[in-house]
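Remarks on the structure that follows.
Below, read A as the first sequence line, B as the second, and so on, with proteins coming before strands; counting in each chain starts at 1.
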Number of protein chains: 2
Amino acid sequence: MQEAVGPAAGLVRLSFLVQTLYGEAGRDCGLTTAQAQLLCTLAAGPTGMADLCTTLGLERSSLTGLVDRAEHRGLVERQSDPADRRAVRVALTRDGEKTIGRFHREITERLGRLLADLPAAERERFHRTLTKVTADAPAVFVD
Amino acid sequence: MQEAVGPAAGLVRLSFLVQTLYGEAGRDCGLTTAQAQLLCTLAAGPTGMADLCTTLGLERSSLTGLVDRAEHRGLVERQSDPADRRAVRVALTRDGEKTIGRFHREITERLGRLLADLPAAERERFHRTLTKVTADAPAVFVD
DNA sequence: TATTGTTATACTCTATAACTATA
DNA sequence: TATAGTTATAGAGTATAACAATA
């Protein structure tokens, strides 16, 4: 039933599969995909808006709205930067930390299941290639 | 500089990388991601709204809007189904065919570049595992 | 002047609920 | 009654352009 699938199609399918699982894990935690990405990034520590734009690949105005909504939900807070009065630093709240922790466990488990049926050696090789290919992708997620 | 990355993080990064390339290829062709997915699906032939919902994972009302906008842009058209007067079949227009063809070439090239630096044997193995893992993902894209 | 962020505005995407028409 | 689609409505996400404050 499964027609031959080229490398590009394989990548696209995997990508949409992961996005689906990502979305489901998010929904279980009350997060949209964009919010989950934001929180994952902030898990590394408080970050300025400009840096967040770069990491997330968003325009500044888009990020303003995203942070607004996340702040409104009590997931993040804006802090003023004593060194630069123009700048804003965004940090996880206690609740944001808990939420992203839960999300992290959810998505890790789902993705783990995706690879669970592979022989260990194959999984290892797959993971190594994955690491190579994504070497310079933004670190939107860290185990 | 590259910290160790677990299997889940690798999948997430690859996924966001592919999404970014997908979005860029789409923008170059005047397509949003959702529209590109719709058109890719329709490349297999005219399809009923209900089937499209299943393949794309959308609610019916969401699909109505998506098709509305694509139709408004002249990319798809609604056809009536002579066998069931409730049903609607969605088909690519000539322009839609051309556009999705261009998109297909764009995305294939970008994704090919992503894997271009891998040794042939590794790329082969990677692709084989990819095919296994995505065996029951919806065929939103076919080479 | 350049940078940091926000506001105003518009469009796309998506969902839920209520509705119409046909099977 | 069940199925195929649409409409109404609302919220989230995103971008461009214009703006304010600070460096």
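- Checked against side chain to side chain contact (heavy atoms under 4.5 Å, CB included), Asp81(B) has the following partners two or more places apart in sequence or in another chain: Ala83(B), Asp84(B), Ala87(B), Arg89(B).
- Qualifying salt bridge (charged side-chain N to carboxylate O under 4.0 Å, His left out) partners for Arg113(B), counting only residues two or more places apart in sequence or in other chains: Glu109(B).
- Distance, Asp51(B) CG to dT3(D) P: 14 Å, rounded to whole Å.
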* Structure fact -> Each nucleotide of nucleotides 13-18 of chain C classed B (base within 4.0 Å of a protein heavy atom), S (only sugar-phosphate) or -, in 5' to 3' order, makes BBBBB-

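- In this structure, CD of Gln19(B) is placed 15 Å from C1' of dT14(D), rounded to the nearest angstrom.
- Spacing between atom CG of Leu63(B) and atom P of dT12(C) amounts to 16 Å, rounded to whole angstrom units.
- The side chain to side chain contact (heavy atoms under 4.5 Å, CB included) check on Thr54(B) picks up nothing, with sequence neighbours excluded.
- Annotation: salt bridge (charged side-chain N to carboxylate O under 4.0 Å, His left out) contacts of Asp95(B) (sequence neighbours excluded): none.
- For Arg102(A), the salt bridge (charged side-chain N to carboxylate O under 4.0 Å, His left out) criterion is met by no residue, not counting sequence neighbours.
- Applying the side chain to side chain donor-acceptor pair (under 3.5 Å) test to Thr129(B) and every residue at least two apart in sequence or in another chain returns Glu122(A).
- Non-hydrogen atoms lying under 4.0 Å from DNA chain C are contributed by Asp84(B), Arg85(B), Arg86(B), all within residues 79-101 of chain B.
- The interatomic distance linking Met49(A) (CE) with dA21(D) (C1') rounds to 15 Å, in whole Å.
- Leu56(A) has its CG atom 13 Å from the P atom of dG5(C), to the nearest Å.
- No engagement by Arg27(A) is indicated, since no non-hydrogen atom pair under 4.0 Å with the nucleic acid exists.
- The nearest pair of heavy atoms linking Phe103(A) to Gly26(A) is CE1-N, 3.5 Å.
- For residues 112-135 of chain B, the set of pairs meeting the ring pair (Phe, Tyr, Trp, His ring centres under 6.0 Å) definition, not counting sequence neighbours, comprises Phe126(A)-Phe126(B).
- Heavy atoms of Arg73(B) sit under 4.0 angstrom from primed sugar atoms or phosphate atoms, though from no base atom.
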